[in-house]
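Labels below follow one simple rule: chain letters A, B, ... track the order of the sequence lines, proteins then strands, and each chain is numbered from 1.
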Protein chains: 2
Amino acid sequence: MLSDRKQKVLKAVVSEYINTAEPVGSRTLVRRHKLGVSTATIRNEMADLEEMGFLEQPHVSAGRVPSDRGYRFYVDNLMDQDQLTSSERRLLNQLAEIRAQEADTVLVAASRLLSQVSNYVGLVTSPSLNAGRLASVKLIHLEQRLTLALLFTENGRMESRVLVLPPEIEPADLEGLSTYFTHRLAGRRLEEVTSELLDQIYAELLDDFRQSRELLAEIARSVLSWLRPSGRGKVYLGGTHNILKQPEFQDIDKVRHLLVLLEEEPLLRQLLQREPGIMITIGRENELEAMQDCTVISATYTVQGQPAGTVAVLGPTRMDYSHVISVLQYMASCLEEAFSTQHSGSSS
Amino acid sequence: MLSDRKQKVLKAVVSEYINTAEPVGSRTLVRRHKLGVSTATIRNEMADLEEMGFLEQPHVSAGRVPSDRGYRFYVDNLMDQDQLTSSERRLLNQLAEIRAQEADTVLVAASRLLSQVSNYVGLVTSPSLNAGRLASVKLIHLEQRLTLALLFTENGRMESRVLVLPPEIEPADLEGLSTYFTHRLAGRRLEEVTSELLDQIYAELLDDFRQSRELLAEIARSVLSWLRPSGRGKVYLGGTHNILKQPEFQDIDKVRHLLVLLEEEPLLRQLLQREPGIMITIGRENELEAMQDCTVISATYTVQGQPAGTVAVLGPTRMDYSHVISVLQYMASCLEEAFSTQHSGSSS
DNA sequence: AATTAGCACTCCCTACATGAGAGTGCTAAT
DNA sequence: ATTAGCACTCTCATGTAGGGAGTGCTAATT
């Protein structure tokens with residue numbers, strides 16, 4: 001579809017533009033990349049590439065800039081692999097040295113390191129409960145109507161919450177309820193716990209425990225409202241300031257729109273809700289208005305074989321794609337290590 | 001110290017500058033504020049005020065701008081009280097409608113509302129464990145060496161953590177340890193729990209429980225490392241984007257320095273660690289380099305009579321002082337209400 | 001038929017000059 | 001003590017000119 005030479009030219013334009021952030025013209029192209037032809041030929045090729053939609057021209061007497069489509073072709077077909085420098089490796093390895101008890105601390109550090117080494121915005125989602133399989137549920141009576149509910153996953157994460165239960169529930173029943181919930185839920189992933197399943201469980205409970213239907217419905221509501229939102233992992237955002245070093249973010253208004261967006265955690269979560277592997281979203285491939293000249297590259301990481309969370313970088317479409325991909329892959333492995341050597345996650 | 005008229009002039013300059021963000025000259029001053037004298041007189045007064053350090057001149061043929069000292073005199077002596085408009089009240093009241101289970105959600109919303117209504121950056125610290133008095137400690141055996149430790153305060157907050165205890169500790173002893181810790185710590189504020197006190201407790205434990213010294217030291221370390229950092233409340237930051245609307249934040253470099261700072265949670269915490277009441281830090285009164293043309297106004301809020309946390313606003317020194325103060329006071333009362341009607345705080 | 005040299009042309013960016021506008025300080029008059 | 005008047009300063013917006021980079025097209029070359 002694209003002649004060999006056109007591909008070469010496109011690749012040259014993209015990497016040149018990624019480095020310089022300046023529209024690249026035929027002269028600089030032949031000078032810096034050894035394409036044994038003259039500038040006139042390059043001009044013709046570039047005109048063709050523009051007509052095909054791979055390049056764009058800011059104005060008539062400027063050089064060319066890759067379009068979203070150009071970047072897309074580049075990442076799909078032309079990009080080389082990037083090697084991290086040893087100093088970058090060293091920087092990212094700082095993550096291992098944190099040895100923090102709190103998963104929080106590790107994730108904050110991860111997002112910052114991502115940003116620092118890329119000079120874009122770093123994003124990390126916590127190992128979500130959704131991903132891990134449930135190990136057990138524990139209900140512990142505290143005082144009066146307050147009950148502490150604990151949720152453990154197989155990969156050692158824990159979630160806790162104080163529930164307010166109706167006064168009729170007897171502390172003595174909690175043990176039974178705990179083992180019952182555990183029995184019915186263990187081995188499932190949290191996202192599989194639908195309201196239907198919970199309904200079903202309550203129906204069964206009705207037989208085993210001689211409680212009124214209303215009472216059980218009450219418990220249902222408590223537990224359900226608890227499980228749902230807590231399943232969502234938090235999104236950690238780091239190094240927002242670094243992106244201001246990029247020439248495409250010298251415009252205050254643009255920065256403001258971006259910051260508005262970055263404060264919307266649900267949006268970010270949606271941005272990172274991804275299937276396993278590397279995923280690249282370039283410019284207008286993204287639905288969000290304010291991000292149409294940004295690229296997001298995300299990678300998933302696993303903990304003990306289970307998909308756990310996402311690491312990602314957000315920057316201008318003129319992003320150092322291959323470098324960022326390497327960084328993300330390395331960071332993913334760092335996180336896997338950090339979370340598997342950790343005694344047991346979570347808290348607070 | 002300052003003649004009546006000078007005070008009038010200073011006040012007029014400050015409020016004019018707060019509104020317009022433009023250096024204010026003698027002409028506009030006599031026009032918009034009825035100071036029954038001529039521009040020449042005002043010019044003389046302003047020259048005096050400049051010499052005394054209350055005003056500054058960006059360049060020789062511009063109007064005057066208040067200096068840090070000028071603002072300080074203004075807030076200490078000249079400022080009027082501000083009334084919130086009903087629409088602002090309505091906006092801030094949205095906080096009550098959230099009715100969230102999670103304290104997190106409320107605090108995020110609070111920081112955003114603060115920002116939205118002020119167009120500066122909103123800051124909120126969570127009710128810190130440090131502030132409340134301890135009610136009880138509970139240790140619950142989970143499995144193998146894992147023990148769940150719970151900390152309750154009198155105002156209903158809870159903090160949880162999984163501790164890894166040495167294998168020699170017997171699950172049966174946990175109950176005893178729990179009541180012992182509770183007995184010794186209840187009624188104290190977390191910040192009073194010094195290492196000396198803990199040492200003392202361990203010494204006593206040595207008698208009651210027939211355990212080796214090393215074992216207890218191990219527990220000591222676990223509990224201590226847990227209590228310390230978790231006592232610090234989180235800092236919630238909201239509406240960073242709003243400050244970009246201010247004319248003093250049109251410079252990307254300045255914004256970057258500010259963002260760097262806002263990502264340093266320890267710094268923010270230090271910024272907000274305050275005694276009760278309203279506190280105003282103007283420009284160079286602040287030690288941090290990057291904040292020397294910013295002002296922070298903070299107010300504390302209480303929960304059930306106990307000092308709990310801080311609400312604050314960070315903006316340019318040209319801040320609408322009286323308005324922000326009203327907003328903070330109102331927000332503080334909103335938070336107090338939100339946390340006292342809440343069944344019981346915390347989780348996750 | 002593909003490539004290249006040459007050239008006229010376009011557009012941006014910077015530097016520079018100019019003039020209006022706002023504000024000041026000073027002096028002399030009130 | 002206050003004020004009117006005035007010369008002076010500095011900023012900012014506007015307009016203009018010239019250099020630079022890059023293009024597209026045409027004609028010559030391989």
Considering only [options], which nucleotide approaches the side chain of [X] most closely?
X	options	value
A:Arg64	C:dC12, D:dT3, D:dT23	D:dT23
B:His59	D:dT11, C:dT4, C:dG23	D:dT11
B:Arg5	C:dG23, D:dT2, D:dC10	D:dT2
B:Thr41	D:dT23, D:dT2, C:dT3	D:dT2

Interatomic distance where [atom1] belongs to [X] and [atom2] belongs to [N] [whole Å]:
X	N	atom1	atom2	value
B:Glu22	D:dC10	CD	P	19 Å
B:Glu56	C:dG23	CD	P	18 Å
B:Met46	C:dG25	CE	C1'	12 Å
A:Tyr17	D:dG22	OH	P	14 Å
A:Asn44	D:dG22	CG	C1'	14 Å
A:Leu55	D:dG22	CG	P	15 Å
B:Leu29	D:dT3	CG	P	14 Å
A:Gln57	C:dT10	CD	C1'	11 Å

Point to revise | A:Gln246 side-chain N/O to A:Pro316 backbone N/O, donor-acceptor pair under 3.5 Å | key: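 Checked: no pair found.
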
Review point. Counting only N and O atoms by type, is there a donor-acceptor contact under 3.5 Å from the side chain of B:Glu56 to the main-chain atoms of B:Ser67?
Key: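 It does not hold such a pair.
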
Just name whichever nucleotide pairs with [N], Watson-Crick or G-U, keeping both distances under 3.5 Å, else none.
N	value
C:dT14	D:dA17
C:dT27	D:dA4
C:dG21	D:dC10

Review point. Of the non-hydrogen atoms in A:Thr41 and A:Arg5, which two are nearest, and what is the gap between them?
Key: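 Distance-wise, the nearest heavy atoms are CG2-NH2, 3.5 Å.
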
Exercise for review: Apply salt bridge (Lys or Arg N to Asp or Glu O under 4.0 Å) to the pair B:Glu248 and B:Lys254, showing each step before the final yes or no.
Suggested key: CA-CA 9 Å; B:Glu248 27 272 284; B:Lys254 205 165 157 186; over 6 Å; no

Practice item. Carefully, step by step, assess B:Ile282 and B:Val296 under the rule side-chain contact (heavy atoms from CB on, under 4.5 Å). Key: CA-CA 7 Å; B:Ile282 301 170; B:Val296 179; over 6 Å; no

Point to revise | D:dG24 base / A:Arg43 side chain donor-acceptor hit below 3.5 Å | key: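 A donor-acceptor contact between them is present.
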
Check your understanding: Is there a donor and acceptor pair closer than 3.5 Å between the side chain of B:Ser61 and the base of D:dT9?
Key ->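 Yes.
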
Review point. Taking for each residue the nucleotide of DNA chain D bearing the nearest heavy atom, is the 5' side occupied by A:Arg27 or by A:Ala40?
Key: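 Here A:Arg27 is the residue nearer the 5' end.
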
Point to revise | Under-4.0 Å side-chain N/O to phosphate OP1/OP2 contact, A:Thr39 with C:dA5 | key: no

